[in-house]
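Here the structure comes first, spelled out in structure tokens, and everything after it is commentary.
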There are 4 protein chains.
Amino acid sequence: MTHGQQSSRQDRSGRRAVSADLKDRRRSEILAAALRLLSERPYAAITMSEVAAAAGVAKGTSYLYFPTREALFLQLLAEHYLGWFDAFDAQLQASAVTNLDGWIDGLLQDFARRPLLLQLMGVLHAVLEHNVPVAEVLVFKRQLAQRVTASGAALEQRLQLSPGAGSRLLLWLQAIVPGLAQMAAPPAPLRAALLAAPDLSGFVIDFSAELRRLLLALIAGLRTCPETLHDPRA
Amino acid sequence: MTHGQQSSRQDRSGRRAVSADLKDRRRSEILAAALRLLSERPYAAITMSEVAAAAGVAKGTSYLYFPTREALFLQLLAEHYLGWFDAFDAQLQASAVTNLDGWIDGLLQDFARRPLLLQLMGVLHAVLEHNVPVAEVLVFKRQLAQRVTASGAALEQRLQLSPGAGSRLLLWLQAIVPGLAQMAAPPAPLRAALLAAPDLSGFVIDFSAELRRLLLALIAGLRTCPETLHDPRA
Amino acid sequence: MTHGQQSSRQDRSGRRAVSADLKDRRRSEILAAALRLLSERPYAAITMSEVAAAAGVAKGTSYLYFPTREALFLQLLAEHYLGWFDAFDAQLQASAVTNLDGWIDGLLQDFARRPLLLQLMGVLHAVLEHNVPVAEVLVFKRQLAQRVTASGAALEQRLQLSPGAGSRLLLWLQAIVPGLAQMAAPPAPLRAALLAAPDLSGFVIDFSAELRRLLLALIAGLRTCPETLHDPRA
Amino acid sequence: MTHGQQSSRQDRSGRRAVSADLKDRRRSEILAAALRLLSERPYAAITMSEVAAAAGVAKGTSYLYFPTREALFLQLLAEHYLGWFDAFDAQLQASAVTNLDGWIDGLLQDFARRPLLLQLMGVLHAVLEHNVPVAEVLVFKRQLAQRVTASGAALEQRLQLSPGAGSRLLLWLQAIVPGLAQMAAPPAPLRAALLAAPDLSGFVIDFSAELRRLLLALIAGLRTCPETLHDPRA
DNA sequence: TATGAATGAGGGTTCATTCAT
DNA sequence: TATGAATGAACCCTCATTCAT
């Protein structure tokens, strides 16, 4: 019964991250491990021990790189959020101005390809921001702000929106997208029951289809009544 | 043990809910206690022990009325959701057709008056639905479906929307409203820091103002392009 | 969600056990319910609520007939023990003196037909005797003593044992039989693992076969060395 | 809470079991604490909190060394079982072949010196095996199997038994000994009542005396009819 | 006699985080 | 820098028994 847990632990010499480079690498390994686990189970079901084990480091080591569990996942969210913005920007440049549907299709695919982004966005405000040093949240928010501003401006041009409407749309997406994603993913038994009840099947929604509809309406509205954004009461 | 809050067990006679009526009352007491606590701290920080203590009953008694912690809070959400629908319906009838702004004002006030509704909506899909007997969730969903259908139809008339747009709007609100509410309520220290940073003050949003903007755009869009809801691809 | 648990509860008029006869009947119903449940799951997994529900009475009613949970099951044990003695005595009279094997076969079948007796014997000393009013245990023990004495004497004749050996054998059976029964019934996963391990399959024993062997040896020994029972040191 | 037993957290330095050796020591401390408690009250009345407190560690620490409460006590049983086998083997070698009574005396003393072994044997099959990872139970069973085989063989020689009778006897002891021990140790009030009732004093048995009688009969039987172990029907 | 609402002490276990090594 | 042993508060829920009705 003596465990021998160290068995699968390869030679530890050189495992000490002395240079900044090595530290970055170690940090990335931990994040990658968290990412892997997140594709298997929801955020709430992942423990720091598991992340550490999956990354091949000791539990305490994770805390050398991230002050709290939430900070780790916030970092993960940050990276994937930036990746999403990259794809978003590329999308924006690639598609023709006249093709709104095509652009939306691309956007939906970007989200569909990043299920973990949807997951983490859903816990960002409720959880992650609550146990991360403010300074770290600010770094994240600042990155976000820059991308929102830049991509928002591009978006305005691309979709022929009034000034401010682009970044507003992006801000709203932060609220809409995870909300819709959670609605679209009920626990399996509930989903089955909903599908079986004719009067409730309306609650089984398709994330992409629903987001498409919402976006179409929103963009149409922003184009039609650009002044609403500057309503004096708002 | 140490505390013995309201110890000495005040006279227990009459504390026994023996009729259906009394049982309903007791049930309501427990819900009211949960509600009270929810106005003090977030859902995640409330334990069943606290709820029971606040209701003046033993811990086990709570479980006589609700099978799980989540079921208790789902019930709380259900009641407040229905209350909101009542107000919503009344609003709909009271205001003149021509006065969109006034109607939205009323809607925003309905939400503002129910901060706990916003809180619970935010954990509905992520938490509450995960540890409640499916049958109970279905009861809730069915109530919701009926109200969404009825109020949605009224909404269509009132806002001159195309068929289906009313209930769609209500469905979307379920995703949008809690998302926006969470964005609007960062932890105090973070909020302070955001306000202090000029480039980040855009992240400090005002729930009502933001929801107004979003609704105006959404309604305008639905009015302009009613066909988007029936897009073949959606 | 109002429960309506009383649905399946038939007309309660006349359900009040006023006469001694009715009380006996009610008592038997409760015991029968416990028996039914005991055939489905082990003693430790049966709650008083379940017994009451299965008997169609309220929880409190069970306590009108039995002072404690253990007393209820002790009563169940008592009845089945007496039933076993009846069969044992019959067996003793029916079989011919010369046929030891046949008699043992009958005995084994008696046990095999009463799995619940084996279960309850296993918790008699460790559990049941610990939370039953002493007076009730004494009643049980006295019944037992009488049967042991009587059947023991018959056994001595039948098996040609020395005086005292018969009741001794019966006493020992009380220790041996439940012990062997528990050994013979490991949890399913363990059983599977034991069978899969060649060196451990010896631990998967067959209750009847093992008891037969033990009895044969014991009886042979008692016949050979009758004086051991009266060893001055013992 | 109220107590704060050994509160003020005495100097924790050196309390960290960092080497395998120290871990073994810590593990033993926990086992020793459990053993101490077991001498005061029955297994069922001992909680993990108590064990941890008695060992001077935090509750969670116990779970670092044993996956479940049952696993802890199974380990305790295992160690004492092996100790008993050591004594048993020594006994076997020490005593002369001709002196059966002397050997049995030694055996009885071995048991009498290990009251906790008797206790734990009594819950092995009914409780311990039910909440311990199968792998751990197998380790225990394997150790047991080896000892049973080896000591069984020696026993056959010593007692001049037929092949297989030695290990069989040891197997049977696992069922007989705890059963007899439980019979011999009724709750104090019951014991008093039994002694006071002339017709029931037969139920107050002396563990050692009774086991001696049973063993004498069993050994005599096995010597007389060695073929019963290989009865085709068994 | 019958009911079933109420009790409340406990139960085992988990896990983010710390810190001695 | 890395480790992983140690912490301990916290958690949800159960259930035998009581007693007001």
Side-chain angles (χ1 to χ4, degrees), chain A residues 3 5-6 9 12 15-19 22-23 26 46-53 57-65 67-70 72 131, chain B residues 1 9 11-19 22-23 26 45 47-50 52-53 57-70 131, chain C residues 5-6 9 12 15-19 22-23 26 46-53 57-65 67-70 72 131, chain D residues 1 9 11-19 22-23 26 47-49 51-52 57-65 67-70 131:
Chain A
H3 306 303
Q5 303 143 312
Q6 66 284 42
R9 182 91 79 255
R12 243 51 193 92
R15 289 289 295 169
R16 200 168 267 234
V18 284
S19 72
L22 275 174
K23 284 193 66 171
R26 176 68 49 89
I46 300 174
T47 70
M48 283 297 267
S49 298
E50 289 172 325
V51 173
V57 301
K59 214 185 312 187
T61 306
S62 321
Y63 284 89
L64 253 29
Y65 292 87
T68 66
R69 176 175 178 262
E70 286 77 15
L72 192 162
N131 195 18
Chain B
M1 186 137 308
R9 183 67 55 241
D11 180 19
R12 241 53 195 101
S13 55
R15 293 291 299 162
R16 202 164 276 228
V18 73
S19 71
L22 281 171
K23 286 187 67 173
R26 176 62 46 89
T47 73
M48 282 298 265
S49 300
E50 290 171 327
V57 300
K59 211 192 302 194
T61 307
S62 326
Y63 285 92
L64 244 34
Y65 291 88
F66 305 96
T68 64
R69 174 176 178 265
E70 286 77 16
N131 195 19
Chain C
Q5 304 144 311
Q6 68 283 42
R9 182 92 76 254
R12 245 47 195 95
R15 291 287 295 168
R16 200 168 267 233
V18 284
S19 73
L22 275 174
K23 284 193 65 173
R26 177 68 49 89
I46 299 175
T47 71
M48 283 297 266
S49 299
E50 288 173 327
V51 174
V57 301
K59 215 184 312 185
T61 307
S62 321
Y63 284 90
L64 251 29
Y65 293 87
T68 65
R69 175 175 179 262
E70 286 76 16
L72 193 161
N131 195 19
Chain D
M1 186 139 309
R9 184 69 55 243
D11 181 18
R12 238 58 193 99
S13 56
R15 291 291 298 163
R16 202 163 275 228
V18 72
S19 71
L22 282 171
K23 286 187 69 172
R26 175 62 44 90
T47 71
M48 282 298 265
S49 300
V51 174
V57 300
K59 211 194 301 195
T61 307
S62 325
Y63 286 90
L64 245 34
Y65 291 88
T68 65
R69 174 177 179 263
E70 286 77 15
N131 194 20

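Order of the sequence lines fixes the chain letters, A, B, ..., with proteins taken first and strands second; residue numbering starts at 1 for each chain.
Note on D/Thr47: only backbone sugar-phosphate atoms sit closer than 4.0 angstrom, heavy atoms only; bases stay farther off.
Regarding B/Phe66, its CZ atom lies at a distance of 13 Å from the P atom of F/dC13, rounded to whole Å. The NZ atom of D/Lys23 sits 15 Å away from the C1' atom of E/dA20 (whole-angstrom rounding). Atom CG of D/Leu22 and atom P of F/dG4 are 15 Å apart (whole Å). One interatomic measurement links the two molecules: CG of D/Leu64 to C1' of F/dT7, which rounds to 10 Å at whole-angstrom precision.
No side-chain donor-acceptor contact under 3.5 Å links B/Arg69 to the backbone of B/Asn131.
Residue side chain D/Lys59 does not reach the base of F/dT7 through any donor-acceptor N/O pair under 3.5 Å, judged by distance alone.
For the OP1/OP2 pair of F/dA5 and a distance below 4.0 Å, the side-chain nitrogens and oxygens of D/Thr61 include no atom meeting the criterion. In terms of phosphate contacts, C/Tyr63 brings no side-chain nitrogen or oxygen within less than 4.0 Å of OP1 or OP2 of E/dA2. The phosphate of E/dG12 (OP1 or OP2) has no side-chain N or O of D/Asn131 nearer than 4.0 angstrom. Listed pair A/Tyr65 / F/dA2 meets the phosphate criterion, a side-chain N or O lying under 4.0 Å from OP1 or OP2.
Residue B/Gly60 is the one, among D/Arg69 and B/Gly60, whose nearest nucleotide of DNA chain E lies closer to the 5' end (criterion: closest heavy atom). In terms of position on DNA chain F, the residue among A/Ser62 and B/Thr68 whose nearest nucleotide sits closer to the 5' end is A/Ser62. Projected onto DNA chain E by closest heavy-atom contact, D/Glu70 and A/Ile46 fall at different nucleotides, the more 5' of which corresponds to D/Glu70.
Considering every non-hydrogen atom in both C/Ala52 and C/Lys59, the closest pair reads CB-CA, 3.8 Å. Nearest heavy atom pair, residue D/Tyr65 against residue D/Lys23, reads CE2-O, 3.5 Å.
Checking E/dT17, F/dT17, F/dC12 against every side-chain atom of A/Met48, the shortest atom distance belongs to E/dT17.
B/Met48 contributes atom CE, which lies 8.0 Å from atom CZ of B/Phe66 (distance to the nearest 0.5 angstrom).
The side-chain heavy atoms of A/Leu64 and A/Arg26, taken from C-beta on, include no pair separated by under 4.5 Å.
Rounded to 10°, the angle separating the first-five-pair axis and the last-five-pair axis of the helix from E/dA2-F/dT21 to E/dT21-F/dA2 equals 10°.
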